[in-house]
Each structure stands twice: as C-alpha cells, then as structure tokens.
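Below is one structure, written out as structure tokens, with a few remarks after it.
Chain letters run A, B, ... following the sequence lines, proteins first, then strands; residues in each count from 1.
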There are 2 protein chains.
Amino acid sequence: MAKRITTQEKILNAAEALFAEQGFEQTSLRQITTEANVNLASVNYHFGSKKALIQAVMARYLEVFMPKLAEQLTVLNARGNFSTRDVFDCFREPLAELKQVRKHGPTLFLSLLGFAYAEIQGHLRRYTMEHFGEVMALLLDTLHQANPQLSPVDMFWRLHFVLGATVFAQVSGPALREIAAADFGEAVAADQVIDRLIPFLAGGLDAASHSSTVE
Amino acid sequence: MAKRITTQEKILNAAEALFAEQGFEQTSLRQITTEANVNLASVNYHFGSKKALIQAVMARYLEVFMPKLAEQLTVLNARGNFSTRDVFDCFREPLAELKQVRKHGPTLFLSLLGFAYAEIQGHLRRYTMEHFGEVMALLLDTLHQANPQLSPVDMFWRLHFVLGATVFAQVSGPALREIAAADFGEAVAADQVIDRLIPFLAGGLDAASHSSTVE
DNA sequence: ATCCATTTTAAACATGCGTTTTAATTTAAA
DNA sequence: TTTAAATTAAAACGCATGTTTAAAATGGAT
C-alpha cells in the first residue's frame, strides 16, 4: 500500500531536514545516513559527493519555485503600474506551492536558502546563477520598474539588504521565536514572521536614497 | 623605539584578520599561528581554547564600542523627541572610535559581528548578553520611543531584521562590491555601504506595521 | 651566578571528516 | 534458472582539526 521510498529519497529527506536545522557544513554525512537508515557510502554512490547532494536538495525546491516566480513576475510586468509591495507579493504563491514538495516546504526552503547564502558556498551560487540567472535578472528589472527613482546600483544593494534580512529572519527564526515568546508571552508562527518582514522590506526599499538625504 | 609586541597580541591580530575574512569556524589555529609566527600550542597556553580566543578577539572591540554606544543612547534619551534615523546615527561615532583599536577597526568589527551572528555561536551570544545586556535593552527601549506606534514585539522583530541586513551587508560586502563594480562599473568603498544601508534600515523600521496593513 | 617561574617548542594524541575500496547482496533481464 | 548489472554493506584510507604532553629555552629576582 504505502509508496516505496527509494534510498535516494531517504537520503534527500534526511539531508534537507538536517541542513535546514544546522546548515550545510555543520551537517556530516554520517549524521545524514544514520538518520536516513542507509549506509554511509550510499551518498557517494548515488550523488557522487556531498556538494552534489547539497545541490540535489536545493534543486528539488528551486525547480518548483523559480518557474512559478518567473510566471508571477511576468504577469505583473504585463500589467504595469505596480509598487514594491506588489513585487514582494509575487513571492507568496510560489513559496506556498512548495507545500506540494514537502509538508513544511516553504519554511524548509527558506532555511536552506539562508544557510546557502550564509555559508558562501561558491558552487551553490554558481548553480543558481547558471540555472536561474534569467529569473534573478527579471526580478531586478521588475523592482527597478517599481522604483524608478532608484538607480540600478542602488537597487542592487537594496535587493541584497532585503535578502540579508530575509535570510537571517529565517535562519535565526526558531531562536528568535523562542525569545519573543519568553519576553513578550507571544507565540509567533513561522508564517507570521514573513508577515512582519514584508512591510519592513517594502519600507526599506521604498525609502529615499542616501544621495537625496545628503544636504 | 618600536613597541614590543607580545605573543598574545600577535595571536589576536592574526586571528581577527583571518576571522573577519573567513569566519570563525573556517579559520584553523594552524592558520592563525602560522600567520602570527608563533607556535601552535601558544594559543591554548595563553587563551585556553579556540572558543576563548574568539571571545578575546571580540572583547577588544566590544569593550570600546558598547560603553560609547550606551553613552550616545543615553544622551539621545535625555534630549527626547528623536527619530529612528537619530537612533541609527548613534552608532556612527562608537563605530568610528574603533579606529583607535585598529586601523580598519570599524570594518573588521562589523565583519566579526557578522560571522558571530551567522555562525550561531552560543558562547558568543551568551558572552554578549552577560556583559552588555543592559546596552541592548537600552537600544530596544530607545528605538521603541522613536517609534511608539510599533508594539514592543514588533520592534523586537524589526531590530533583528535590521541586524540581519546589516550583518549580511558586511559579510557579503567584499563579494558584492566586486559584483557591483563589474556590473555597474562603480567602485563602492566599504564605508559607503553603510551610507546605503542606513536609509534602507530607517525606512524599514518606520514602515507601518503589518496589522495596520491588513484589511 | 643560580634558581625558579614563565614561556616557547616540537611532537604526538584523539577525533571526526569526506571519500574510496572491495566484497556481499539484491534485483531484474535472458 | 542463469547471468550480469545495480545496489548495499563493512571497513579502511588519508587528511585536518583542537588539544595535550613533556622537554627545551628564556628571563628576572635573589
């Protein structure tokens, strides 16, 4: 009855859970194979190396997320006349779609993305740019249209500030939610962190640029 | 004439440079001692462990920075009637003071802080909270006064978004500056990144909260 | 000059890592 | 049923890490 789970899937599932929790470098193949109940050598047999395993874990999500995002951005561009907030809202649906990949897909994906960005894994950045460079370019262009008052180089920097805040919110999310619950007696779900984040990001992106604030 | 440099200082100087460049975990004691021209065992002899060395590296800066920051915040609080931007500007002078510790102190310190925050080193967070917890509380309170429309829990989250964006801007700074220079033919100095960052952060912090944007 | 505490040195230790090897086992096709 | 390919298994390899040990060197104080 129950669908047969291959060794590769067992490895991918165990790996992504541990990666999202501890980061890529901190997670050893022995941890992964123990958790997955498979032999240590099977990772190298099926994937070739740890690097390749990391890419495979990310690919499962990126291949769903990126086309959906490109779709949303294209629709918005066709419509025209949009705000920064509209651009950010383009991320909501593609992110929600990741539930189809995995139950807690959206949260897992953001955590993975966080560690990928934090540990500056050259090979992952290269992989993303090679496979989804057009989507990134489309995003930058869309954001520029929403904020024509900002120069391209300004937008470049702010986009990375946005990435930084997002990634950090996710990676330190569990710890911060714990502290917030203790200090303010207010439990915050993971999804609600994003709701708190988006206004912050939009406010930052829409702010006047530094050159115009210099007297 | 030339001031005698002790082994401990040689270690601290080599360690902070390597830590700021590669992060704490990525930097080995052998790298540090080779760079410092001292014996491998001297790190454990003088500092006890790698963890303790990391704390010692951070302490040199925190012990200068934190009191200065507390001073600035106290003055601002006494004055009353201030904006978010004013709060952030309180960081400029204490940061600039770090040049007295080391020539490129401000940049080094932010990079170290970035890695400290990125690699969630429990012992470093504990150290900071134990020694400078009051300053952090003062900062949170000051920001709350500048934005009374935000709830304390909202401010808590946004402060961490700010930290995330800052830390990331610094850690990925060198790589991003390189890309920016290549793509836009515009060289950006490290100090100017902060000038680009502050308006972004202030805009994000001042944004309307999510609850007021929900229809 | 002698002595003793401090410091430096070289070597080894114990551990964990990713990877490779070789053999046993399972699987599916002929 | 036989045969060959695919997969799993156990063990070892080579390497890098932080730490410890024990001897040698150093430097002031007596």
4.5 Å side-chain heavy-atom contact, B:Tyr61 and B:Arg102: yes
Taking atom types as modelled, is there a side-chain donor on B:Asn147 or B:Arg158 under 3.5 Å from an acceptor on the other? no
Please tell me whether A:Gln31 and A:Gln22 have a donor and an acceptor in their side chains that are separated by less than 3.5 angstrom. yes
Salt bridge check: are B:Lys10 and B:Glu35 linked by an N-O gap of less than 4.0 Å?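 No, no charged N to carboxylate O under 4.0 Å.
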Distance, nearest 0.5 Å, that separates CG of A:Leu139 from NE2 of A:His144: 13.0 Å
Could you walk me through whether A:Thr84 and A:Leu201 satisfy the side-chain contact (heavy atoms from CB on, under 4.5 Å) test, starting with their C-alpha distance in whole Å, then the side-chain angles of each, then the deciding distance to 0.1 Å, before giving a yes or no? CA-CA 9 Å; A:Thr84 300; A:Leu201 298 180; over 6 Å; no
Round to the nearest Å and state the distance from [X] atom [atom1] to [N] atom [atom2].
X       : N      : atom1 : atom2 : result
A:His46 : D:dA6  : NE2   : P     : 12 Å
A:Asn39 : D:dT8  : CG    : P     : 9 Å
B:Ile32 : D:dA16 : CD1   : P     : 17 Å
A:Phe47 : D:dT8  : CZ    : P     : 11 Å

At under 4.0 Å between heavy atoms, how does the protein contact nucleotides 22-29 of chain D? Give one character per nucleotide, 5' to 3', with B, S or -. --------
Output one letter per nucleotide in nucleotides 13-25 of chain C: B when a protein non-hydrogen atom lies under 4.0 Å from the base, S when only the sugar-phosphate is that close, - when neither is. ----BBBBB----
Is the A:Phe91 ring parallel, tilted or perpendicular to the A:Phe65 ring (thresholds 30°, 60°)? tilted
Mutual orientation of the aromatic rings belonging to A:Phe19 and A:Phe24 [parallel < 30°, tilted 30-60°, perpendicular > 60°]: tilted
Considering just the side-chain nitrogens and oxygens of B:Ser42, establish if one lies under 4.0 Å of OP1 or OP2 belonging to C:dT7. no
